[in-house]
Amino acid sequence: MTLKVMTLNILFGGQDRFEALLALLARESPDLLVLQECLGWDDGERLRRVAAALGPEGTIHAHLGTARPRGSGNCYHVSVLSRLPPRSIHVHNNPHFIGHALVQYELDAGGPLTFFGTHYDAHHENLRFVEARYLRSLLDPDAFREGLYLLAGDLNSLCRKDPYPVDLADRVRMAGVDKYGHPPRFDVIDDLESFGWVDTLRHRPASPAWVTARRIRNGVPIDYRTDYIYASPRMAERLLSAEVVDVGEATDHNAVVATFHR
(Lines give C-alpha, C1' and ligand atoms only; values in the text may rest on other atoms or scores of the structure.)
Protein backbone atom coordinates (compact mmCIF):
# COMPACT_ATOMS: atom_id res chain seq x y z
CA MET A 1 0.00 0.00 0.00
CA THR A 2 1.07 3.58 -0.59
CA LEU A 3 0.38 6.99 0.90
CA LYS A 4 0.15 9.88 -1.58
CA VAL A 5 0.64 13.33 -0.02
CA MET A 6 -0.09 16.60 -1.81
CA THR A 7 0.19 20.31 -1.06
CA LEU A 8 -1.37 23.12 -3.08
CA ASN A 9 -1.94 26.84 -2.62
CA ILE A 10 -5.31 27.51 -4.26
CA LEU A 11 -5.08 31.36 -4.32
CA PHE A 12 -7.83 33.39 -2.66
CA GLY A 13 -10.11 30.42 -1.99
CA GLY A 14 -10.20 29.23 -5.59
CA GLN A 15 -12.61 31.92 -6.83
CA ASP A 16 -13.91 31.17 -10.34
CA ARG A 17 -11.17 28.55 -10.80
CA PHE A 18 -12.79 26.24 -8.28
CA GLU A 19 -14.15 23.71 -10.80
CA ALA A 20 -10.69 23.41 -12.35
CA LEU A 21 -9.24 22.83 -8.89
CA LEU A 22 -11.79 20.10 -8.19
CA ALA A 23 -10.91 18.37 -11.46
CA LEU A 24 -7.20 18.58 -10.64
CA LEU A 25 -7.68 17.15 -7.14
CA ALA A 26 -9.91 14.34 -8.41
CA ARG A 27 -7.30 13.46 -11.02
CA GLU A 28 -4.38 13.45 -8.56
CA SER A 29 -6.48 11.70 -5.85
CA PRO A 30 -4.13 12.18 -2.88
CA ASP A 31 -4.56 10.24 0.35
CA LEU A 32 -3.44 13.21 2.44
CA LEU A 33 -3.94 16.74 1.17
CA VAL A 34 -3.19 20.21 2.51
CA LEU A 35 -4.61 23.32 0.83
CA GLN A 36 -3.52 26.88 1.56
CA GLU A 37 -5.44 30.15 1.12
CA CYS A 38 -8.88 28.67 1.81
CA LEU A 39 -10.28 32.18 1.98
CA GLY A 40 -14.06 32.34 2.45
CA TRP A 41 -14.38 28.64 3.28
CA ASP A 42 -15.85 29.24 6.75
CA ASP A 43 -19.29 27.83 5.87
CA GLY A 44 -17.76 24.46 4.96
CA GLU A 45 -19.36 24.20 1.51
CA ARG A 46 -16.18 24.32 -0.56
CA LEU A 47 -14.41 21.96 1.85
CA ARG A 48 -17.30 19.49 1.42
CA ARG A 49 -17.04 19.76 -2.36
CA VAL A 50 -13.31 19.03 -2.25
CA ALA A 51 -14.00 15.99 -0.06
CA ALA A 52 -16.64 14.83 -2.56
CA ALA A 53 -14.15 15.19 -5.42
CA LEU A 54 -11.71 12.92 -3.57
CA GLY A 55 -14.09 10.12 -2.66
CA PRO A 56 -17.61 8.96 -1.74
CA GLU A 57 -19.36 10.51 1.24
CA GLY A 58 -17.95 9.28 4.51
CA THR A 59 -14.60 8.16 3.08
CA ILE A 60 -12.76 11.50 3.36
CA HIS A 61 -11.96 13.21 6.65
CA ALA A 62 -11.84 17.00 6.13
CA HIS A 63 -10.80 19.71 8.56
CA LEU A 64 -10.59 23.48 8.14
CA GLY A 65 -7.65 24.86 10.10
CA THR A 66 -8.85 28.32 11.07
CA ALA A 67 -6.21 30.93 10.35
CA ARG A 68 -5.70 33.99 12.47
CA PRO A 69 -6.98 37.18 10.81
CA ARG A 70 -4.49 39.25 8.82
CA GLY A 71 -4.40 43.06 8.94
CA SER A 72 -7.02 43.12 6.18
CA GLY A 73 -9.34 41.03 8.33
CA ASN A 74 -9.07 38.13 5.88
CA CYS A 75 -8.41 34.62 7.18
CA TYR A 76 -6.33 32.45 4.84
CA HIS A 77 -7.36 29.10 6.29
CA VAL A 78 -5.40 25.87 5.87
CA SER A 79 -7.42 22.73 5.06
CA VAL A 80 -6.35 19.14 5.60
CA LEU A 81 -8.19 16.21 3.99
CA SER A 82 -7.34 12.56 4.54
CA ARG A 83 -8.55 9.11 3.57
CA LEU A 84 -7.22 7.89 6.91
CA PRO A 85 -9.08 8.91 10.07
CA PRO A 86 -7.31 11.28 12.45
CA ARG A 87 -6.39 10.23 15.96
CA SER A 88 -6.22 13.89 16.91
CA ILE A 89 -6.15 17.35 15.30
CA HIS A 90 -4.67 20.52 16.75
CA VAL A 91 -4.65 23.90 15.01
CA HIS A 92 -1.86 26.29 15.97
CA ASN A 93 -2.69 29.90 15.06
CA ASN A 94 -1.21 32.08 17.81
CA PRO A 95 -0.42 35.36 16.00
CA HIS A 96 2.79 35.77 18.02
CA PHE A 97 4.25 32.71 16.28
CA ILE A 98 2.12 31.75 13.27
CA GLY A 99 1.48 33.60 9.99
CA HIS A 100 -1.75 31.82 9.08
CA ALA A 101 -2.25 28.36 10.61
CA LEU A 102 -0.33 25.18 11.35
CA VAL A 103 -2.55 22.08 11.39
CA GLN A 104 -1.14 19.17 13.39
CA TYR A 105 -2.86 15.98 12.24
CA GLU A 106 -2.12 12.68 13.97
CA LEU A 107 -3.03 9.45 12.16
CA ASP A 108 -2.01 5.83 11.65
CA ALA A 109 -0.26 5.05 8.37
CA GLY A 110 1.74 1.88 8.89
CA GLY A 111 2.60 3.34 12.29
CA PRO A 112 1.77 6.56 14.13
CA LEU A 113 2.28 9.50 11.76
CA THR A 114 2.31 13.19 12.66
CA PHE A 115 1.47 15.45 9.73
CA PHE A 116 1.92 19.22 9.78
CA GLY A 117 0.10 21.20 7.09
CA THR A 118 0.91 24.89 6.95
CA HIS A 119 1.25 28.22 5.16
CA TYR A 120 4.13 30.42 6.31
CA ASP A 121 4.03 34.21 6.36
CA ALA A 122 4.60 35.91 3.01
CA HIS A 123 6.07 39.16 4.30
CA HIS A 124 9.53 38.60 5.79
CA GLU A 125 12.07 35.84 6.43
CA ASN A 126 12.31 36.83 10.10
CA LEU A 127 8.61 36.06 10.58
CA ARG A 128 8.93 32.73 8.80
CA PHE A 129 11.96 31.86 10.90
CA VAL A 130 9.81 32.29 14.01
CA GLU A 131 7.37 29.78 12.52
CA ALA A 132 10.16 27.31 11.81
CA ARG A 133 11.40 27.63 15.39
CA TYR A 134 7.85 27.23 16.72
CA LEU A 135 7.57 23.96 14.79
CA ARG A 136 10.88 22.85 16.27
CA SER A 137 9.50 23.55 19.76
CA LEU A 138 6.71 21.02 19.14
CA LEU A 139 9.13 18.19 18.38
CA ASP A 140 11.26 16.00 20.60
CA PRO A 141 14.50 15.48 18.61
CA ASP A 142 14.84 11.79 19.51
CA ALA A 143 11.19 11.00 18.73
CA PHE A 144 11.51 12.93 15.47
CA ARG A 145 14.62 11.05 14.43
CA GLU A 146 13.01 7.65 15.03
CA GLY A 147 9.36 8.44 14.23
CA LEU A 148 7.15 9.20 11.23
CA TYR A 149 6.63 12.91 10.56
CA LEU A 150 5.64 15.00 7.54
CA LEU A 151 5.62 18.74 6.91
CA ALA A 152 3.82 20.05 3.82
CA GLY A 153 2.77 23.48 2.63
CA ASP A 154 3.59 26.81 1.09
CA LEU A 155 6.57 27.87 3.20
CA ASN A 156 7.17 31.10 1.24
CA SER A 157 10.87 30.31 1.61
CA LEU A 158 13.77 29.58 -0.71
CA CYS A 159 16.17 26.63 -0.68
CA ARG A 160 19.82 27.40 -1.45
CA LYS A 161 20.17 23.96 -3.09
CA ASP A 162 17.68 24.76 -5.86
CA PRO A 163 19.14 25.78 -9.24
CA TYR A 164 18.63 29.53 -9.01
CA PRO A 165 20.57 31.70 -11.45
CA VAL A 166 23.76 33.33 -10.24
CA ASP A 167 22.12 36.75 -10.66
CA LEU A 168 19.11 35.88 -8.47
CA ALA A 169 19.86 38.76 -6.08
CA ASP A 170 19.87 41.25 -8.97
CA ARG A 171 16.66 39.83 -10.43
CA VAL A 172 14.83 39.95 -7.11
CA ARG A 173 15.90 43.57 -6.59
CA MET A 174 14.88 44.61 -10.12
CA ALA A 175 11.55 42.83 -9.70
CA GLY A 176 10.90 44.75 -6.48
CA VAL A 177 10.36 41.54 -4.50
CA ASP A 178 11.30 42.21 -0.88
CA LYS A 179 9.91 39.24 1.04
CA TYR A 180 13.01 37.07 0.60
CA GLY A 181 15.42 39.85 1.57
CA HIS A 182 18.24 41.58 -0.30
CA PRO A 183 20.19 39.49 -1.04
CA PRO A 184 17.70 36.60 -0.78
CA ARG A 185 17.92 34.68 2.47
CA PHE A 186 17.64 30.94 3.03
CA ASP A 187 17.38 30.87 6.83
CA VAL A 188 14.06 29.03 7.12
CA ILE A 189 14.91 26.07 4.90
CA ASP A 190 18.42 25.91 6.39
CA ASP A 191 16.86 25.70 9.86
CA LEU A 192 14.40 22.97 8.90
CA GLU A 193 17.07 20.87 7.27
CA SER A 194 19.52 21.36 10.13
CA PHE A 195 16.90 19.81 12.43
CA GLY A 196 16.78 16.75 10.17
CA TRP A 197 13.83 17.33 7.84
CA VAL A 198 14.43 15.64 4.45
CA ASP A 199 13.35 17.46 1.30
CA THR A 200 11.38 14.81 -0.59
CA LEU A 201 11.72 16.54 -3.96
CA ARG A 202 15.50 16.43 -3.80
CA HIS A 203 15.63 13.01 -2.10
CA ARG A 204 13.72 11.05 -4.76
CA PRO A 205 12.63 13.30 -7.64
CA ALA A 206 10.37 11.73 -10.26
CA SER A 207 11.42 14.39 -12.79
CA PRO A 208 13.76 17.40 -13.05
CA ALA A 209 10.84 19.84 -12.54
CA TRP A 210 11.32 21.96 -9.41
CA VAL A 211 9.50 25.29 -9.92
CA THR A 212 6.28 25.80 -7.98
CA ALA A 213 5.82 29.56 -8.48
CA ARG A 214 6.59 31.38 -11.74
CA ARG A 215 6.41 35.14 -11.32
CA ILE A 216 6.90 38.22 -13.49
CA ARG A 217 7.14 41.59 -11.74
CA ASN A 218 8.38 44.81 -13.29
CA GLY A 219 9.01 42.79 -16.43
CA VAL A 220 11.45 40.47 -14.62
CA PRO A 221 10.63 36.74 -14.80
CA ILE A 222 11.79 34.62 -11.86
CA ASP A 223 11.18 30.95 -11.13
CA TYR A 224 10.85 30.01 -7.45
CA ARG A 225 10.18 26.97 -5.32
CA THR A 226 8.24 27.93 -2.21
CA ASP A 227 6.10 24.79 -1.75
CA TYR A 228 7.56 21.71 -0.07
CA ILE A 229 6.93 18.28 1.38
CA TYR A 230 9.44 17.38 4.08
CA ALA A 231 9.81 14.04 5.86
CA SER A 232 11.53 12.88 9.01
CA PRO A 233 14.49 10.53 8.36
CA ARG A 234 12.44 7.36 9.06
CA MET A 235 9.57 8.60 6.90
CA ALA A 236 12.03 9.47 4.13
CA GLU A 237 13.11 5.81 4.08
CA ARG A 238 9.57 5.02 2.88
CA LEU A 239 9.61 7.61 0.09
CA LEU A 240 9.01 6.23 -3.40
CA SER A 241 9.06 9.51 -5.35
CA ALA A 242 8.21 13.19 -5.25
CA GLU A 243 7.33 15.59 -8.03
CA VAL A 244 5.99 18.98 -8.99
CA VAL A 245 2.60 18.79 -10.71
CA ASP A 246 1.82 21.45 -13.31
CA VAL A 247 -1.66 22.77 -12.50
CA GLY A 248 -2.10 24.96 -15.57
CA GLU A 249 -4.45 27.87 -14.88
CA ALA A 250 -6.13 26.32 -11.84
CA THR A 251 -4.02 28.44 -9.46
CA ASP A 252 -0.76 30.37 -9.32
CA HIS A 253 1.26 27.64 -7.55
CA ASN A 254 2.12 24.23 -8.89
CA ALA A 255 1.34 21.34 -6.58
CA VAL A 256 3.91 19.10 -4.91
CA VAL A 257 3.18 15.39 -4.51
CA ALA A 258 5.14 12.74 -2.60
CA THR A 259 4.32 9.04 -2.49
CA PHE A 260 5.42 6.73 0.34
CA HIS A 261 5.25 3.05 1.24
CA ARG A 262 2.65 2.56 3.94
Side-chain angles (χ1 to χ4, degrees), residues 1-8 30-36 61 63 65 78 80-92 97-98 101-120 128-162 186-206 210 212 225-244 255-262:
M1 297 179 69
T2 60
L3 178 72
K4 184 176 182 179
V5 182
M6 179 175 176
T7 179
L8 180 65
D31 301 302
L32 188 54
L33 169 68
V34 58
L35 301 174
Q36 299 86 37
H61 306 271
H63 187 82
V78 175
V80 173
L81 298 97
S82 173
R83 298 186 191 281
L84 302 174
R87 289 190 291 111
S88 66
I89 302 171
H90 183 74
V91 178
H92 306 262
F97 305 108
I98 301 295
L102 172 69
V103 181
Q104 182 175 347
Y105 193 97
E106 311 275 351
L107 65 156
D108 290 305
L113 169 63
T114 301
F115 175 76
F116 295 100
T118 194
H119 185 191
Y120 279 6
R128 295 187 289 272
F129 190 78
V130 170
E131 297 192 73
R133 283 303 171 109
Y134 180 84
L135 174 64
R136 186 182 284 221
S137 76
L138 300 176
L139 299 169
D140 175 86
D142 293 332
F144 174 80
R145 187 166 52 251
E146 297 301 326
L148 304 179
Y149 294 83
L150 287 170
L151 168 66
D154 177 0
L155 303 185
N156 270 307
S157 304
L158 306 183
C159 177
R160 67 174 70 249
K161 297 172 184 176
D162 284 336
F186 304 95
D187 308 41
V188 169
I189 299 302
D190 286 351
D191 188 73
L192 291 172
E193 295 186 355
S194 71
F195 188 75
W197 287 105
V198 177
D199 182 351
T200 59
L201 192 66
R202 283 192 289 104
H203 192 57
R204 285 213 169 87
W210 65 280
T212 65
R225 177 167 69 127
T226 60
D227 307 82
Y228 301 83
I229 298 176
Y230 273 100
S232 62
R234 290 295 186 205
M235 192 68 190
E237 292 174 3
R238 302 184 178 199
L239 179 64
L240 296 172
S241 67
E243 63 183 324
V244 172
V256 182
V257 170
T259 304
F260 301 83
H261 284 297
R262 197 170 93 194

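Between the CE atom of Met6 and the CG atom of Asp31 there is a distance of 12.0 Å, given to the nearest 0.5 Å. Here Asp140 contributes atom CG and Arg145 contributes atom CZ; the two are 8.5 Å apart, rounded to the nearest 0.5 Å. Here the OG1-CD distance, from Thr118 to Gln104, works out to 11.5 Å after rounding to the nearest 0.5 Å. One distance of note links CG of Leu139 with OH of Tyr149; it measures 6.0 Å at 0.5 Å rounding. Rounding to the nearest 0.5 Å places CG of Asp190 at 7.5 Å from SG of Cys159. Within the model, atoms NZ of Lys4 and CG of Leu32 stand 12.5 Å from one another, a figure rounded to the nearest 0.5 Å.
Nearest heavy-atom pair across Ala206 and Glu243 is CB-CB, 3.9 Å. The heavy-atom pair separating Gly196 from Phe144 by the smallest distance is C-CE2, 3.8 Å. Across all their heavy atoms, Ser82 and Tyr105 have their closest contact at CB-OH, 3.3 Å. When all heavy atoms of Leu84 and Ala109 are compared, the closest pair comes out as CD1-CB, 3.9 Å. Across all their heavy atoms, Val188 and Ala132 have their closest contact at CG1-CB, 4.2 Å. Val78 and Ala101 get closest at one heavy-atom pair: CG2-O, 3.7 Å.
A heavy-atom distance below 4.5 Å is not found between the side chains of Glu131 and Leu102. Counting heavy atoms from C-beta on, the side chains of Leu138 and Thr114 never come closer than 4.5 Å. Side-chain contact between Phe129 and Ser157: absent, with no pair of heavy atoms (C-beta onward) separated by less than 4.5 Å. Put simply, the side chain of Arg225 reaches to within 4.5 Å of the side chain of Leu201, judged on heavy atoms. Proximity of Ile89 to Val80: side-chain heavy atoms (C-beta onward) are nowhere separated by under 4.5 Å. At least one side-chain heavy atom of Asp199 sits less than 4.5 Å from a side-chain heavy atom of Tyr230. Using a 4.5 Å cut-off on side-chain heavy atoms (C-beta onward), Leu240 and Arg204 make no contact.
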Considering only distance and modelled atom types, tabulate donor-acceptor pairs under 3.5 Å from the side chains of residues 255-262, sequence neighbours left out.
none

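Formation of a donor-acceptor pair under 3.5 Å by the Asp154 side chain with backbone atoms of Asp227 is not found in this model. Distance alone, capped at 3.5 Å, is enough to place a donor-acceptor pair between the Arg83 side chain and the Pro30 backbone. With hydrogens and angles disregarded, a donor-acceptor distance shorter than 3.5 Å links the side chain of Arg128 to the backbone of Asn156. Side-chain atoms of Thr200 come within 3.5 Å of backbone N or O of Ile229 as a donor-acceptor pair.
In this pair, Tyr134 and Phe97 present their aromatic rings parallel. The plane angle is below 30°, not in the 30 to 60° band. Ring planes of His90 and His92: perpendicular class, angle over 60° (limits at 30 and 60°).
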(request) Walk me through it: do Ile189 and Leu158 pass the test side chain to side chain contact (heavy atoms under 4.5 Å, CB included)? (result) CA-CA 7 Å; Ile189 299 302; Leu158 306 183; 6.0 Å; no
(request) Any chance you could lay out the side chain to side chain contact (heavy atoms under 4.5 Å, CB included) test for Leu192 and Leu135, step after step, and finish with the verdict? (result) CA-CA 9 Å; Leu192 291 172; Leu135 174 64; 4.0 Å; yes
(message) Could you go through Leu113 and Leu3, starting from their C-alpha distance and side-chain angles, then the distance that decides it, and tell me whether this counts as side chain to side chain contact (heavy atoms under 4.5 Å, CB included)?
(response) CA-CA 11 Å; Leu113 169 63; Leu3 178 72; 3.9 Å; yes
(message) Run Glu237 and Arg234 through salt bridge (Lys or Arg N to Asp or Glu O under 4.0 Å) and show every step you take.
(response) CA-CA 5 Å; Glu237 292 174 3; Arg234 290 295 186 205; 3.0 Å; yes
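Among Arg136, Arg202, Arg160, the one residue that satisfies the salt bridge (Lys or Arg N to Asp or Glu O under 4.0 Å) test with Glu193 is Arg202.
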